[in-house]
Number of protein chains: 2
Amino acid sequence: MANLHPHNHDHCIRTAIQRAQTVCEQQGVRLTPVRRRVLELVWQNHKPTGAYELLPQLAADGFNSAPPTVYRALDFLLEIGLIHRISSLNAFIGCDHPGGQHPTGFFICTDCGNAAELPAARLQAFSAELEQVMGVQVASSSYELTGLCGVCRLKP
Amino acid sequence: MANLHPHNHDHCIRTAIQRAQTVCEQQGVRLTPVRRRVLELVWQNHKPTGAYELLPQLAADGFNSAPPTVYRALDFLLEIGLIHRISSLNAFIGCDHPGGQHPTGFFICTDCGNAAELPAARLQAFSAELEQVMGVQVASSSYELTGLCGVCRLKP
DNA sequence: GAGAATTAGGTTATAATGTTGCAATTCTAC
DNA sequence: GTAGAATTGCAACATTATAACCTAATTCTC
């Protein structure tokens, strides 16, 4: 729930970038300037962010800013698990704990707009339970919840 | 898993429409010709169906077929829980067990394209578990899984 | 049953989101 | 340093969804 509460924002971004670099080195892929900048922007917004919101932000930095540029960067980041896509919002958000492939899951507060990643272990367990019960073989999954977060539910 | 296996298709559609009529009467809303036809088409396709796929199908029946017509009908059907929206596919599919509001959840086979609704009770339980653990209040939820269904995973 | 209020549908245009195809450039490995 | 691969630039286009405004149908109230 860390990201539903106030916190040191710059720190978030910096560590996210550092982790990204590590992951990219490990996987032998390139964190190019556009890709890095897109990742920074996604973390900077710190809320689910649409691809088209990133375009002007990229342009402001002197980067090329046509849709394919952003989508290619986002696809790359999705691919190696540095961000997630929240399809009910057509939006993207930084991954809390990149490194391995894990199921996507978010709670999205309808009041403040923040999104908190769901505990991967529980998602994994539930997915396994469903595989069992339904006799299927799960390849990917995404769970999206909306409602009021711990902070907003206590507001007047 | 009923709808991942061969079955009497016309029967599906007929019962879906009958249930829809009941639900609409109960809720005091109108199942107008366009709405009914859209629901029939969604069931007829029997796979997640995009709004724009419905347009020519509606046109063939002599109905008006502009995007707003279809979206209005789909919104109505969503509202009263007769269909679900699968946002990772931008598609719609008939609800197995309409009547009450319940969490949306589907397993989508990447091979045959069929979608099976997840057991609502388990979704409900998992959602409650997450509410507890995360201290949030859930208003809606949608779980979308992909992979191989029981039939397709046994194919060569 | 007349008239007001509500709900539903028709029509046109446009917004928002995402993709394709190809040429130019940059990087990597040898 | 050169061939091949990966990345980016660019222009056009495809898909999905909504806004705005008006007309028609239905329901409600008296």
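A, B, ... follow the sequence lines: proteins, then strands. Residue 1 opens every chain.
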Please step through side chain to side chain contact (heavy atoms under 4.5 Å, CB included) for the pair A:T49 and A:I93, ending with a clear verdict.
CA-CA 6 Å; A:T49 303; A:I93 190 165; over 6 Å; no
| field | Audit row: B:L58, B:N64, side chain to side chain contact (heavy atoms under 4.5 Å, CB included) steps and yes/no | value | CA-CA 7 Å; B:L58 270 182; B:N64 175 44; over 6 Å; no
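One interatomic measurement links the two molecules: CD of B:E79 to C1' of C:dA8, which rounds to 15 Å at whole-angstrom precision. Atom CG in B:L54 sits about 14 Å away from atom C1' in D:dT15, given to the nearest Å. When rounded to the nearest whole Å, the span between CZ of B:R30 and C1' of C:dG9 equals 10 Å. The separation between A:N64 atom CG and D:dT8 atom P is 10 Å, rounded to whole Å. Separating the CG atom of B:D75 from the C1' atom of C:dG9 is a distance of 14 Å, rounded to the nearest angstrom. To the nearest angstrom, P of D:dT16 lies 10 Å from CG of B:L89. In this structure, CG of A:L74 is placed 11 Å from P of C:dT19, rounded to the nearest angstrom. Atom-to-atom, CG of B:L55 to C1' of C:dT12 comes out at 15 Å; the value is rounded to the nearest Å.
Considering only the side chain of A:F92, C:dG18 comes nearest among C:dT19, C:dG18, D:dT8. Across C:dT11, C:dA8, C:dG18, the shortest atom-to-atom separation from the side chain of A:N90 is found for C:dG18. Checking C:dG10, D:dA17, D:dA11 against the side-chain heavy atoms of B:T69 singles out C:dG10 as nearest.
Each of B:P67 and B:P33 has a nearest nucleotide on DNA chain C; the 5'-most of these lies closest to B:P33. Of the two residues contacting DNA chain D, namely A:F63 and B:Y71, the nearest-nucleotide position lying further toward the 5' end is that of A:F63. Comparing A:G50 and B:F76 by the nucleotide of DNA chain C that holds the closest heavy atom to each, the one mapping nearer the 5' end is B:F76.
Between the side chain of A:R19 and the main chain of A:D96, a donor-acceptor pair closer than 3.5 Å is present. Without hydrogens or angle criteria, A:R85 side chain to A:N90 main chain gives no donor-acceptor distance under 3.5 Å.
The side-chain heavy atoms of B:F126 and A:L123, taken from C-beta on, include a pair separated by under 4.5 Å.
No aromatic stack links B:Y52 and the base of D:dT15, using centre distance under 5.5 Å and interplanar angle under 30°.
The base of D:dG9 sits with one of its N or O atoms less than 3.5 Å from a complementary donor or acceptor on the side chain of A:R72.
Between B:R85 and D:dA17, a side-chain N or O to OP1/OP2 separation shorter than 4.0 Å is present.
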